[in-house]
Amino acid sequence: MFCVLTVKYRSNTVFERLFGSIIKDDYELVTVPVLGGAPFYHLTATVGKKGVDFERVIFEIGRCAQRLVVGEDIKLPQFRGIGEFNSNLLYKKLICNTADYVLSKIEEDAVFDEKNGIILYCGNEIKIGEDKNDFSFSEQYNALKPQGIEKYKFAAALYELCGVFSIGECRFNSVTVNGEKKNTESVYFS
């Protein structure tokens with residue numbers, strides 16, 4: 001399991017400025033069911049000027065605090081028990097799926113450099129996966145993604161930690177052919 005952490009900051013009203021130290025931060029934890037996989041947690045922290053209390057986050061979600069999916073606006077502290085989920089397993093799978101698709105459309109012999117995600121054929125270079133978020137996955141999973149969370153990080157967590165293996169069958173929507181970005185479906189490679 002993993003946890004998505006989103007933050008809402010309270011508005012800076014006159015009441016907030018006068019009584020801000022009295023108002024307590026609100027942490028709302030929801031378990032989100034996932035079709036075809038394990039559920040995940042979504043923790044919404046409504047906080048004031050002091051920001052997120054990460055010790056409270058650890059208290060709320062326990063060991064899942066070591067596998068947080070957060071937006072780029074949240075900076076995690078460097079202390080034990082809390083960490084951001086990062087993985088390139090889905091990224092490598094998307095590159096391989098896209099390469100298989102492109103290679104099936106190319107009639108000539110081609111060389112695939114899996115480490116760099118590059119296909120070379122007849123003097124042409126096809127670069128795969130320059131934008132990690134340029135792939136499509138089922139709308140039922142995309143609807144679960146909270147606003148402000150990177151699409152790739154969320155999909156990778158679903159794939160690896162919730163066991164939604166159908167995401168691993170996706171491929172990138174575009175490739176770069178000789179420096180020009182082209183749609184994978186419509187480009188003619190031969």
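Computation of the quantities below employed the complete heavy-atom set of this structure, encompassing side-chain atoms and omitting hydrogens, waters and symmetry-equivalent molecules.
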- request: Mind listing the closest non-hydrogen atom pair of Tyr91 and Gly129 along with its distance?
  value: OH-O, 2.5 Å
task: Validate the cation-pi geometry between Lys153 and Phe85: distance from NZ or CZ to the six-membered ring centre under 6.0 Å, angle to the ring axis within 45°.
output: no
field: Tyr141 atom OH, neighbour heavy-atom count above 12 within 6.0 Å
entry: yes
statement: Distance col, row Leu90:CG vs Cys170:SG, nearest 0.5 angstrom, shows 7.5 Å
message: Tell me whether the rings of Phe2 and Phe40 are parallel (<30°), tilted (30 to 60°) or perpendicular (>60°).
response: parallel
query: If we only count heavy atoms from C-beta on, is the Phe154 to Leu144 side-chain gap below 4.5 Å?
result: yes
- prompt: Lys132 side chain to Asn88 main-chain N or O, any donor-acceptor pair under 3.5 Å?
  reply: no
message: With heavy-atom distances below 4.5 Å as the criterion, would you say the side chains of Glu114 and Ile95 are in contact?
response: no
- prompt: Quick check: does any side chain N or O of Tyr159 sit under 3.5 Å from a backbone N or O of Leu89, one acting as donor and the other as acceptor?
  reply: no
query: Say you draw a straight line from CG of Leu76 to CD of Glu84; how long is it, rounded to the nearest 0.5 Å?
result: 5.5 Å
query: What distance separates Asp109 CG from Leu103 CG, expressed to the nearest 0.5 Å?
result: 10.5 Å
- prompt: Which atoms form the tightest heavy-atom contact between Val69 and Ala157, and what is the distance?
  reply: CG2-CB, 3.9 Å
statement: With Tyr27 as partner, the option from Leu5, Val52, Thr46 fulfilling side-chain contact (heavy atoms from CB on, under 4.5 Å) is Val52
Pairwise distance CD1(Ile128) to CD1(Ile119) - rounded to 0.5 angstrom: 4.0 Å
query: Taking atom CG of Leu120 and atom NZ of Lys127, what is their separation to the nearest 0.5 Å?
result: 11.0 Å
message: Please report the interatomic distance CD(Gln140) to CG(Asn142), rounded to the nearest 0.5 Å.
response: 10.5 Å
Donor-acceptor pair, side chain of Tyr41 and main chain of Met1, under 3.5 angstrom: no
query: Taking C-beta and beyond as the side chain, do Phe135 and Thr184 meet within less than 4.5 Å on heavy atoms?
result: no
query: Is there a salt bridge (Lys or Arg N to Asp or Glu O under 4.0 Å) between Lys105 and Glu185 once you walk through the steps?
result: CA-CA 10 Å; Lys105 293 179 86 175; Glu185 296 294 327; 5.8 Å; no
- request: Work out which heavy atom in Leu29 is nearest to a heavy atom in Glu60; give both atom names and the distance.
  value: CD2-O, 3.6 Å
query: Just wondering, do Phe172 and Asn97 contact through their side chains at under 4.5 Å, heavy atoms?
result: no
query: What pair of heavy atoms forms the shortest contact from Cys162 to Pro39, and how long is it?
result: SG-O, 3.9 Å
Residues that Thr6 engages under side-chain contact (heavy atoms from CB on, under 4.5 Å), provided they are two or more places apart: Val4, His42, Thr44, Pro146, Ile149
message: Between Glu55 and Ile58, is there a side-chain heavy-atom distance shorter than 4.5 Å?
response: no
query: Which atom names give the shortest non-hydrogen contact between Ser174 and Lys181, and what distance separates them?
result: OG-CE, 3.0 Å
